[in-house]
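The structure under discussion appears below in the form of structure tokens.
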Amino acid sequence: ELRQELENVTSEQKQERNELSQLVERHYSNLNTSIDKRCKEIQASLTATAVKSIPESLRELAQQNRVMKRELLLHKDSIHETEQEIKKVKEEINKLQQKGKSR
């Protein structure tokens, strides 16, 4: 009879341990989810605050940099075309020089 009671107590303890383990797992998972959510909220808030605190002069400078980059890209094409024209003129000069030497 004592042995039976001991087995019952042991099985009850196992069941309680399993229930507690599941409860702890759920709590831990919920806690992680809450922490992740709060971290994202804090990050968003800090980003918004940082953007608001950027001085207007820096924003203007960034805009000027973007404009200058676009202009440089446009001139890059023009520079390339000019280099190609110079190359053609040099080739023509070389041809004329070769004709002049052969005469």
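All residue numbers in this chain count up from 1 along the given sequence. These numbers were taken from a predicted model, which means no experiment stands behind them.
Taking CG from Asn18 and NZ from Lys14, the interatomic distance works out to 9.5 Å, rounded to the nearest 0.5 Å. Taken from CD in Glu12 to CD in Glu19, the straight-line distance is 10.5 Å, to the nearest 0.5 Å. Gln97 CD to Lys90 NZ: the interatomic distance, rounded to the nearest 0.5 Å, is 12.0 Å. Once rounded to the nearest 0.5 Å, the distance linking NZ of Lys95 with CD1 of Ile93 reads 12.0 Å. Taking CG of Asn65 as the start and CG of Leu58 as the end, the distance is 10.5 Å to the nearest 0.5 Å. Separating the CD atom in Glu71 from the CD atom in Gln64 is a distance of 10.5 Å, to the nearest 0.5 Å.
For Gln43, the CD atom counts as loosely surrounded, since its 6.0 Å shell holds 12 or fewer non-hydrogen atoms of other residues, nucleotides or ligands.
Taking the side chain to side chain donor-acceptor pair (under 3.5 Å) definition, one finds that Gln63 meets it with Arg66, sequence neighbours left out.
No donor-acceptor pair closer than 3.5 Å links the side chain of Ser21 to the backbone N or O of Arg17.
Put simply, the side chain of Arg26 reaches to within 4.5 Å of the side chain of Leu23, judged on heavy atoms. Annotation: side chain of Arg70 is in contact with side chain of Val67 (closest heavy-atom distance under 4.5 Å).
Among residue pairs with one or both ends in residues 28-38, those qualifying as side chain to side chain donor-acceptor pair (under 3.5 Å) are Arg38-Glu41; sequence neighbours excluded.
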